[in-house]
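To start, the structure itself, in structure tokens.
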Amino acid sequence: MNERVKQVASALVDAIQKTLTEQRVTEEEWRAGVGYMMKLAEAKEMDLLLDVFFNHTIVDLKAQATRGSTPGMQGPYFLEGAPVVAGALKTYEDDSHHPLVIRGAVRTDDGAPAAGAVIDVWHSTPDGKYSGFHDQIPTDLYRGKVVADAQGKYAVRTTMPAPYQIPNKGPTGVLLEMMGSHTWRPAHVHFKVRKDGFVPLTTQYYFEGGDWVDSDCCKGVAPDLVVPAKTEGGAQVMAIDFVIERPREHA
Ligand SMILES: [Fe+2]
């Protein structure tokens, strides 16, 4: 027996039983629900559905416990082997989307500069796709590793990401529609900040005033992950200072 599994799984079963009872679910509705779960498995969307409804809850729990920056969801489009870039992410050669500069500093939880911290940056193409996952877009586009300097400072140039819809043609999209919800995510940039001896920070940042920022279908938007709208020399500026924390000592 596994005590932790027993504790969590038993609580889940209790919660579902309580809901079935309170909602007076009929046998016909129950069978429709079972059929839906079968379709979800067939469409290989179990992870998508769980991410949409519950990943933000787990990230919120992490946020409550951290001494570092607010974490965000990793999402399904991270690739471990992104190239180190100097100053700019590689974009489509004919990408005329609005320029974006992301810059700031990485500090440790005692306020010291996190020299040499490596920041994985990845975001959508101007049409809301991800390299390495959609349309055979080469994996080195719109993603890269940026290294913080001796003062912990970093800067990288790219173009604005776009809002996009999560896969919405399958059972997950059908359910969201029946629940009166849409399938849009606001434009955002993903980050993973790593340095030896520190807990990796995975997060996403959003643009103030952007479409869907107030109604992300994945509920990933925390107030301090929304950066104020700022432009400079014709480019949008996303100014972010990251704080990474040391692992907690367990008694
Ligand atoms: Fe994303």
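Values reported hereafter were calculated over all heavy atoms of this structure, with side chains retained and with hydrogens, waters and symmetry mates removed. Remember, it's 1-based here, ligands and their atoms both numbered in the order they're listed.
- Between H123 and F191, the ring centre distance reaches or exceeds 6.0 Å.
- Here the Fe ion (ligand 1) is the vertex; the OH atom in Y164 and the NE2 atom in H190 give an angle of 160° (to 10°).
- The two atoms that bring K195 and I244 nearest to each other are CB-CD1, 3.8 Å, heavy atoms only.
- For a distance bound of 2.8 Å, the N, O or S atoms of Y77 include none lying that close to the Fe ion (ligand 1).
- Within the 2.8 Å limit, H123 places no N, O or S atom next to the Fe ion (ligand 1).
- For Y77 and H134, the distance between ring centers is under 6.0 angstrom.
- Among F207, Y205, W122, Y164, the one residue that satisfies the ring pair (Phe, Tyr, Trp, His ring centres under 6.0 Å) test with H188 is Y164.
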